[in-house]
Amino acid sequence: MKKFVNNCICIAFLSAMLPFNGFSQQNECKEQTYVMKNPYEVNRIKPSQGKKIKNVILMIGDGMSLMHVYSAWTANRGKLFLESSQAVGLSATYCADRLITDSGAAGTAMATGQKTNYHSVGVDTLGRPLPSLINFAADQGKSTGVVVTCRLWDATPADFCCHNKDRDKEEEIVADYVNAPLDYVFGGGARLFEQRADGRNLFKELADKGFQIPRSWDELSQIHQGKVFAVPYQVDTPLPAERGDLLARASLKGIELLNKNDKGFFMMIEGSQIDDYGHSNQLDLLMQEVHDFDRTIGAVYNWAANDGETLVVVTADHETGGLTLVNGDLKKGEIVCSFSTDEHSGVMVPVYAFGPGSEQFTGIYDNTDIFKKIKKLLNL
């Protein structure tokens, strides 16, 4: 303990002498304890032995690092659905003009295979629109979908569907969804689809293009065919304790609809708010989000195992919060963690794969290679 205190004093002194962008002095020595009172059951999911890849589901835990995963594993008494993954790799996340990336640049790298500038979405370093995996899949006649727990103008979904050199141009970004080649969308952000400075009603425009526009889960659950654009919330979806297994349900509903296409589908699913609670350094809510994402992974892995022709890739765009697990008790599901920043950090992030083609995701590689591997495996 004495050594720990001395180290903290040293860090505080150095940070005062040498200011570091994004470093939170108030957090570097503050520990938080979290105990998961109701752990969930985890079964080991056995993948099919098939080799054909008709569908790919890319799952992104926004801000999720190995430390987030290991902390969540400890809190759930040493069990996660992620453990059924067949392959694990590491991805480098730097962007074109900064070592420490944001979701805009990192998501664009995975969506398009090109590095771009910090804060850009779906464009190259000169601001020119780039085609994403959504575009390539649609061009091959596959169905496409996006499921997120954030507002749809946020960076990660925009990386796959929209184009702007500034992720803060929210009204402009949302308008791009009208012309994106999508078949299923679920997320938040209804406000900027209908309460706009330009007077447009994007829901009406989407309906005119053949989309069904359910405004609640109950409405969505009754739909069993056709294109769907579901935005039940004005901004983000509620907290996990309020929304329950909504991410898993919305994901499986999308899979149900997209899988009607004999040519297959590509889908991106994001556990969006892991990042939010890394930024705010709230360990309790952070773990709730990681566990919600893991349970969604379990639901998707189960579906993919039964399907036999679906590759699932799980990764992150970057790490958020500089999370460190410093103590805990595996039997009690207790973790003691500290945060070193309220911004993003520069660590590599894990890549997990399940299903046919998963062996292609081992090793250490650039985040742009995730795009390249998926594109090649789907013959796009």
Side-chain angles (χ1 to χ4, degrees), residues 20-24 56 58-72 82 85 87-125 130 132-133 148 150 154-160 164-167 268-279 281 286 289-290 293 297 312-324 339-353 360-375:
F20 182 84
N21 184 31
F23 192 78
S24 291
V56 171
L58 175 60
M59 304 183 70
I60 300 173
D62 198 319
M64 184 183 76
S65 72
L66 284 170
M67 191 60 74
H68 293 73
V69 172
Y70 191 57
S71 297
L82 260 177
S85 303
V88 181
L90 290 172
S91 168
T93 64
Y94 67 94
C95 61
D97 58 347
R98 296 193 190 188
L99 178 63
I100 312 302
T101 191
D102 78 316
S103 297
T108 297
M110 291 187 282
T112 71
Q114 291 194 39
K115 295 283 187 180
T116 193
N117 295 331
Y118 189 88
H119 242 237
S120 291
V121 293
V123 298
D124 66 14
T125 55
L130 292 168
S132 76
L133 287 167
V148 297
C150 63
D154 207 3
T156 306
D159 292 325
F160 287 80
N164 206 294
K165 63 182 180 180
D166 182 1
R167 60 180 287 184
M268 191 281 288
I269 300 169
E270 185 190 32
S272 314
Q273 297 182 58
I274 296 170
D275 177 68
D276 293 343
Y277 302 114
H279 280 298
N281 291 176
L286 177 62
E289 290 288 349
V290 177
F293 189 53
I297 291 166
V312 185
V313 180
V314 182
T315 188
D317 45 2
H318 53 72
E319 193 276 345
T320 305
L323 184 71
T324 304
F339 295 89
S340 64
T341 182
D342 55 13
E343 295 294 339
H344 302 163
S345 71
V347 301
M348 287 185 176
V349 296
V351 184
Y352 306 88
Q360 298 297 317
F361 291 86
T362 60
I364 300 173
Y365 42 85
D366 201 273
N367 55 4
T368 55
D369 288 329
I370 294 172
F371 164 89
K372 294 170 186 175
K373 292 174 189 292
I374 292 174
K375 185 171 181 284

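Along the sequence shown, residues carry numbers from 1. When reading the values below, keep in mind they use all heavy atoms of this one structure, side chains included, and skip hydrogens, waters and symmetry mates. Here the structure is a predicted model, which means the values were calculated and not measured.
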Lys372 NZ/CZ over Tyr365 ring centroid, <6.0 Å and within 45° of normal: no
Minimum heavy-atom distance Cys95-Thr101, with the two atoms named: CB-OG1, 3.6 Å
Donor-acceptor contact present, side-chain Thr315 to main-chain Pro350, <3.5 Å: yes
Candidate pair Glu343 and Thr341, rule side-chain hydrogen bond (donor to acceptor under 3.5 Å, both in side chains), full reasoning: CA-CA 5 Å; Glu343 295 294 339; Thr341 182; over 6 Å; no
Residues forming a ring-ring contact (aromatic ring centres under 6.0 Å, His included) with Tyr70, sequence neighbours excluded: Trp73
Salt bridge (Lys or Arg N to Asp or Glu O under 4.0 Å) assessment of Asp154 paired with Arg167: CA-CA 7 Å; Asp154 207 3; Arg167 60 180 287 184; 3.1 Å; yes
Short side-chain to backbone donor-acceptor contact, Thr93 and Met348, under 3.5 Å: no
Side chains of Val314 and Leu82 in contact at under 4.5 Å (non-hydrogen atoms): yes
Side chain Lys115, main chain Tyr94, donor-acceptor under 3.5 Å: yes
Gln114 and Thr112 side chains, donor-acceptor separation under 3.5 Å: no
Nearest-0.5 Å distance, OH of residue Tyr118 to CG of residue Asp97: 9.5 Å
Pairwise distance CG(Asp275) to NE2(His68) - rounded to 0.5 angstrom: 8.5 Å
Leu58 side chain reached by Phe160 side chain, heavy atoms, under 4.5 Å: yes
Side-chain heavy-atom pair Phe361, Ile374 within 4.5 angstrom cut-off: yes
Ile274 backbone acceptor or donor facing Asp62 side chain under 3.5 Å: no
Thr108 and Ser120, any side-chain heavy atoms less than 4.5 Å apart: no
Stepwise side-chain contact (heavy atoms from CB on, under 4.5 Å) test for Thr320 and Phe339: CA-CA 9 Å; Thr320 305; Phe339 295 89; over 6 Å; no
Within-4.5 Å side-chain heavy-atom neighbours: Asp317 and Val349: no
Nearest heavy-atom neighbours spanning Phe293 and Glu270: CE1-C, 4.4 Å
N/O donor-acceptor pair under 3.5 Å between Asn367 side chain and Met110 backbone: no
Listed partners of Asp166 passing salt bridge (Lys or Arg N to Asp or Glu O under 4.0 Å), at least two apart: none
Residue list, ring-ring contact (aromatic ring centres under 6.0 Å, His included) with His344, at least two apart or on another chain: His279, His318
Test item: Val312 and Met59 side chains (from C-beta on) under 4.5 Å apart, heavy atoms: yes
Flag, side chain of Asp159 to backbone of Ala105, donor-acceptor distance under 3.5 Å: no
Heavy-atom check, side chain of Leu130 versus side chain of Thr116, under 4.5 Å: no
